[in-house]
There are 2 protein chains.
Amino acid sequence: MELTKTEEDYLKALFHLTEESEADKAGTNQLAEYLGISPASANNMLKKLKGKALVAYEKYGKLELTGQGKAVAVRLIRKHRLWETFLHQHMNFSWDEVHGVAEQLEHIQSPKLIAELDRFLGFPRRDPHGAVIPGADGEYDTPPKATLSSLQAGDACRLVAVDDSSEALLRYVSRIGLALNSRIQVEEIHEFDGSLSILVEGVLTMVSKQFADRVFVEKL
Amino acid sequence: MELTKTEEDYLKALFHLTEESEADKAGTNQLAEYLGISPASANNMLKKLKGKALVAYEKYGKLELTGQGKAVAVRLIRKHRLWETFLHQHMNFSWDEVHGVAEQLEHIQSPKLIAELDRFLGFPRRDPHGAVIPGADGEYDTPPKATLSSLQAGDACRLVAVDDSSEALLRYVSRIGLALNSRIQVEEIHEFDGSLSILVEGVLTMVSKQFADRVFVEKL
DNA sequence: TTAAAAAGTTAGCTTATTCTAACATTTGTG
DNA sequence: CACAAATGTTAGAATAAGCTAACTTTTTAA
Ligand SMILES: [Mn+2]
Ligand SMILES: [Mn+2]
Ligand SMILES: [Mn+2]
Ligand SMILES: [Mn+2]
């Protein structure tokens, strides 16, 4: 039972909204908003996906992926992140350029190609944004991630991942001299708005709380 | 004006039927047959492509690509062959496995990716079947190709390309010990059915005329 | 030169995906 | 509670592709 590119994108969106965001409830409007389509279109597709046993929900109720639906989404995320890694490491794509093309490449149907790509890349476990790449067996552990905003003044940390949903954020992270594994020293947290003064490569920079909420670190 | 994957495939099919085959006339039925769809569907799409100035024809008349239509087709062929080369050289895909996946990959939209892929591959000029890869500027010279069947008994040649339209042919070519650049010695041509006795790597093999018509060589 | 055969076109449906506008249900608040 | 806002659903239409059956035009060939 082959799925269309569109059906795949809906399942991936649902996975992000239910399994990967803190608010693990997802509604029709939210899904529509996320995908940039009308609620009516989302509702229409949800009916179809329910018919294929990929999504489970009652009329006016909460949306959930079935086990099958989740499996499809995880496979898609695996492909997406492997392609992003390829584009970044071998095609000279910058951090913020990889996502759009990977959004297309993730729909290529060829188990052999994915297996070979994985091997070619040296079985990477993280994509260019630091996100975990699901295994070939569907294993997908999301290690607990601490945000930069959760640290205290005086703490030091290592940048392990960045929210990849905004290209502007990715460009900004590079602009201020950060990259995966950069060491960050929290100098001061300003109570007024939660902004932080951080030390990166010896340079003192000021970042907003919105920024610090989307950057994930490992405390040192 | 973005084209759909389907429109792209029609243009590529028309290019093969008009520019690349000896019979440079193409009709609706032929196109339909080539694409595995009904003549009615082909006719329907032809109207649309005519409206977009990619195909030129009069009702009941011969089909032709416009300059624009040709340019799209050549870009597609370039992408197809670059991907085939990538799959063969870096993803361990055999000669006969590359085509299907390249048929999908050719529709990925990203000029940067194609430029980088070309660089990554070392600016190859031939794909794994020996077909010429069009240049980034749209240049596409098809060097005159001699078929194995055009040689005389006693001639020696080098295999330069193989018709890639049949996977069975590609597998057969490998099976009898041939690969690009193999040296072939024509021992005898049998008048009855045009079949040939050829010497490959010291082994005498018998091949049919149908086979020899689809294998391209350079006389030595 | 005329009548099949072949080739090409049209009409009318189907499925997939999306939209807008209208309608229904649920939620949240005074 | 009661009703307004938020959320979700339905109806009806559009676009893109494809199909079958019927019809028209061109070609072939007796
Ligand atoms: Mn991404
Ligand atoms: Mn996608
Ligand atoms: Mn090919
Ligand atoms: Mn294709």
Side-chain angles (χ1 to χ4, degrees), chain A residues 1-14 16-18 21 23-65 69 72-73 76 103-104 106-107 109, chain B residues 1-14 16-18 21 23-65 69 72-73 76 103-104 106-107 109:
Chain A
M1 198 233 306
E2 286 292 290
L3 299 180
T4 65
K5 172 190 173 315
T6 310
E7 289 171 324
E8 288 188 336
D9 281 333
Y10 271 90
L11 293 173
K12 192 156 68 88
L14 277 168
H16 283 311
L17 294 174
T18 58
S21 82
D24 69 348
K25 42 145 207 214
T28 307
N29 285 13
Q30 230 179 319
L31 176 62
E33 155 100 72
Y34 184 88
L35 290 170
I37 56 172
S38 71
S41 300
N43 182 264
N44 185 60
M45 179 61 89
L46 284 168
K47 275 190 213 163
K48 198 202 306 188
L49 294 175
K50 183 181 177 180
K52 294 189 176 186
L54 296 165
V55 173
Y57 75 106
E58 296 310 313
K59 223 205 239 188
Y60 294 105
K62 292 288 150 49
L63 306 176
E64 255 185 84
L65 285 172
V72 172
L76 220 55
E103 200 60 44
Q104 299 176 59
E106 70 190 359
H107 302 288
Q109 304 286 353
Chain B
M1 201 234 305
E2 287 292 289
L3 299 180
T4 65
K5 174 191 173 311
T6 310
E7 289 171 326
E8 288 189 336
D9 280 334
Y10 271 90
L11 293 173
K12 192 155 67 87
L14 278 167
H16 283 311
L17 294 173
T18 57
S21 83
D24 69 349
K25 44 148 202 200
T28 305
N29 285 13
Q30 230 179 320
L31 176 61
E33 156 100 71
Y34 184 86
L35 289 170
I37 56 171
S38 71
S41 299
N43 182 262
N44 187 58
M45 178 61 87
L46 286 168
K47 275 190 212 163
K48 195 197 313 187
L49 295 174
K50 184 181 178 181
K52 294 190 176 187
L54 296 164
V55 172
Y57 75 105
E58 297 308 313
K59 223 203 241 193
Y60 295 106
K62 291 289 151 48
L63 306 176
E64 254 185 85
L65 285 172
V72 171
L76 220 56
E103 200 59 46
Q104 299 177 58
E106 70 190 358
H107 302 288
Q109 304 287 352

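As a basis for the values below, the full set of heavy atoms in this structure was taken, side chains included, without hydrogen atoms, waters or symmetry mates.
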Where do N or O atoms of nucleotides 20-29 of chain C meet protein N or O atoms at under 3.5 Å, pair by pair?
from: C/dT25; atom 1: O4'; to: A/Tyr60; atom 2: OH; distance (Å): 3.4

Look up atom [atom1] in [X] and atom [atom2] in [Y], then write down how far apart they are to the nearest 0.5 Å.
| X | Y | atom1 | atom2 | result |
| --- | --- | --- | --- | --- |
| A/Leu35 | A/Leu14 | CG | CG | 8.0 Å |
| B/Met45 | B/Leu11 | CE | CG | 8.5 Å |
| A/Glu7 | A/His107 | CD | NE2 | 11.5 Å |

How close or far is atom [atom2] of [N] from atom [atom1] of [X], stated in whole angstroms?
| X | N | atom1 | atom2 | answer |
| --- | --- | --- | --- | --- |
| A/Lys25 | D/dG8 | NZ | P | 10 Å |
| A/Leu46 | D/dT7 | CG | C1' | 13 Å |
| A/Lys47 | C/dA16 | NZ | C1' | 14 Å |
| A/Leu63 | D/dT7 | CG | P | 13 Å |
| B/Asn44 | C/dT10 | CG | P | 10 Å |

Got more than 12 heavy atoms from elsewhere within 6.0 Å of [atom1], [X]?
| X | atom1 | value |
| --- | --- | --- |
| B/Lys52 | NZ | yes |
| A/Glu103 | CD | yes |
| B/Glu33 | CD | no |
| A/Glu8 | CD | yes |

Under 4.5 Å between any side-chain heavy atoms of A/Leu63 and A/Gln30, yes or no?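 Side chain of A/Leu63 against side chain of A/Gln30, heavy atoms only: no contact under 4.5 Å found.
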Side chains of B/Lys5 and B/Asp9, heavy atoms from C-beta outward: is any pair under 4.5 Å?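 Of all side-chain heavy-atom pairs linking B/Asp9 with B/Lys5, at least one is under 4.5 Å.
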Taking OP1 and OP2 of C/dT9, is either one under 4.0 Å from a side-chain nitrogen or oxygen of B/Asn43?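 Yes.
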Please report the C-alpha distance between A/Leu31 and A/Ile37 in whole Å, then the side-chain angles of each, then the deciding distance to 0.1 Å, and finally whether the side chain to side chain contact (heavy atoms under 4.5 Å, CB included) criterion is met. CA-CA 9 Å; A/Leu31 176 62; A/Ile37 56 172; over 6 Å; no
Check each residue of residues 28-37 of chain B for a non-hydrogen atom within less than 4.0 Å of any atom in DNA chain C, then write out the ones that pass by number, or none.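 By residue number: B/Thr28, B/Asn29.
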B/Lys50 side chain vs B/Tyr57 backbone, donor-acceptor pair below 3.5 Å: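 Here the side-chain-to-backbone pair exists.
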Which of residues 3-13 of chain A have a heavy atom under 4.0 Å from DNA chain D?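 Heavy-atom cutoff 4.0 Å gives no residues at all.
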